[in-house]
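Sequence positions, counted from 1, serve as the residue numbers for this chain.
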Amino acid sequence: MLGNWFALFMAIMAVICSIGSASDPDPLQDFCVAVDDSSAAVLVNGKICKDPKIVTPNDFSVSGLNQVGNISSPVGSEITQVFVDRLPGLNTLGISLSRIDYAPYGLNPPHVHPRASEIFVVMEGTLYVGFLTSSPQNPNMRYELFAKILHPGDVYVYPRGLIHFQYNVGKGNAVAFAGFNSQNPGLITLANALFGSEPPLPSDVLAKAFQLDEEIVKYLQSVPWIQN
């Protein structure tokens, strides 16, 4: 009898595993609306492939990551992205890269990459970095912060989709590189998205969510939110 139950259990597990392996690949854009029109433009999950006969070495190369970014922004940092739009050879490879430059006390504000985990290495300076866990299981618990100070040569990992940040706590400039397991990781900077969207989110929604006076929210929505 036990053998029969075990055989049934293994059969069920085999079905579950086969369903799991047949799932769709992760999306590489925010959305893809289906259209029943044979003349419509084609947009695949990624980029349409270039004819191999006209591919050149330049399709797999990009220059300029030795240059310091413009760190005069209000947050004091600049991200130089090498995603598939800039380096076409990344298409379908599932990887990409960014260089981040920081002024003294510059910040890469809290943000998320919805489609990628990130491995982060400090090349110069001293950075306070961290990420927040996802929704607590217990309503009485708080989101947990995992953070530490990094020095040149230190590496940190940000799990996919979690809010994270970097802050230059040194008196000089800082430089870091970030690698992603997606050719298009996506970037949502929380403050920019919430207070600088177009059209704007209703101010009363934000006031209630952040427990702020609505006039403060309206002021925050009126200032320019520049992407670093």
Q. Within the side chain of H164, is there an N or O that forms a donor-acceptor pair under 3.5 Å with the backbone of L162?
A. yes

Q. Any sub-3.5 Å donor-acceptor pair from T189's side-chain atoms to A191's backbone N or O?
A. no

Q) In Å, rounded to the nearest 0.5 Å, how long is the span from CZ of R115 to CG of L187? A) 10.0 Å

Q: Sequence neighbours left out, what passes ring-ring contact (aromatic ring centres under 6.0 Å, His included) with Y167? Give chain and number order.
A: none

Q | Audit row: T126, I149, side-chain contact (heavy atoms from CB on, under 4.5 Å) steps and yes/no | A | CA-CA 7 Å; T126 304; I149 292 177; 3.4 Å; yes

Q.
Going by the rule side-chain contact (heavy atoms from CB on, under 4.5 Å), which residues pair with E144 if we only count those two or more places apart in sequence or in a different chain?
A. T133, F146

Q | Partner residues of D154 under the salt bridge (Lys or Arg N to Asp or Glu O under 4.0 Å) criterion, sequence neighbours left out | A | none

Q: If a pair satisfies ring-ring contact (aromatic ring centres under 6.0 Å, His included) and one of its residues is in residues 48-107, list it, with sequence neighbours excluded.
A: F83-F180

Q.
Using only atom types and a distance under 3.5 Å, with no angle test, would you say the side chain of D51 pairs donor to acceptor with the backbone of V55?
A. no

Q: Could you walk me through whether F210 and F195 pass the ring pair (Phe, Tyr, Trp, His ring centres under 6.0 Å) test, one step at a time?
A: CA-CA 11 Å; F210 286 93; F195 295 104; 5.5 Å; yes

**Q.** Which residues share a side-chain contact (heavy atoms from CB on, under 4.5 Å) with P110, sequence neighbours left out
**A.** I163, F165, L190

Q. Is the shortest heavy-atom distance from the side chain of H111 to the side chain of I188 under 4.5 Å?
A. no

(Q) Testing the basics here: between V157 and P159, what is the closest heavy-atom pair and its distance to 0.1 Å? (A) O-CD, 3.7 Å

Q: Check whether any side-chain N or O of H113 sits under 3.5 Å from a backbone N or O of P185 as a donor-acceptor pair, and report yes or no.
A: no

Q.
On a heavy-atom basis, which atom in V62 and which in R86 lie closest, and how many Å separate them?
A. CG2-NE, 3.3 Å

Q. If you measure from CG on L87 to CD on Q183, what distance do you get to the nearest 0.5 Å?
A. 10.5 Å

Q.
Is there a continuous path of hydrophobic side-chain contacts, each under 4.5 Å between heavy atoms, that joins Y219 to W225?
A. yes

Q: Calculate, to the nearest 0.5 Å, the distance between atoms OG1 and CG belonging to T80 and D101 respectively.
A: 6.0 Å

Q) N173 and A103: which non-hydrogen atoms are nearest, and at how many Å? A) OD1-CA, 3.8 Å

(Q) Same cluster or not: L90 versus L97, using hydrophobic residues (I, L, V, M, F, W, Y) connected whenever any side-chain heavy atoms lie under 4.5 Å apart? (A) yes

Q) For atom NZ of K208, is the number of surrounding heavy atoms from other residues, nucleotides or ligands below 6.0 Å larger than 12? A) no

Q) What distance do E78 atom CD and S98 atom OG have between them, rounded to the nearest 0.5 Å? A) 10.5 Å

Q: Report yes or no: do V82 and I95 belong to one cluster of Ile/Leu/Val/Met/Phe/Trp/Tyr joined by side chain heavy-atom distances under 4.5 Å?
A: yes

Q. Can you name the nearest heavy-atom pair linking V217 to S203, along with the distance?
A. CG1-O, 3.7 Å

Q.
D85: which residues meet the side-chain contact (heavy atoms from CB on, under 4.5 Å) condition with it, sequence neighbours left out?
A. K47

(Q) Is there a path of hydrophobic side-chain contacts, each under 4.5 Å between heavy atoms of I/L/V/M/F/W/Y residues, joining L107 to V169? (A) yes

Q: Tell me, with the steps shown, if V155 and I119 meet side-chain contact (heavy atoms from CB on, under 4.5 Å).
A: CA-CA 7 Å; V155 174; I119 186 164; 3.6 Å; yes

Q: Please report the shortest heavy-atom distance between A147 and Y156, naming the atom on each side.
A: N-OH, 3.8 Å

Q. Distance only, no hydrogens: is a donor on one side chain within 3.5 Å (strictly under) of an acceptor on the other, for S77 and N228?
A. yes

Q: Identify the heavy atoms of G125 and P152 that sit nearest to each other, and give their distance.
A: O-CD, 3.1 Å

Q | Approximate separation, where rounding is to 0.5 Å, of N70 CG and I79 CD1 | A | 13.0 Å

Q) Ring centres of F131 and Y143 under 6.0 Å apart? A) no

Q: Quick one: pull up CD in Q221 and OG in S197 and give me the separation to the nearest 0.5 Å.
A: 7.0 Å

Q: Check whether V112 and L145 end up in the same hydrophobic cluster, where Ile, Leu, Val, Met, Phe, Trp and Tyr are linked by side-chain heavy atoms less than 4.5 Å apart.
A: yes

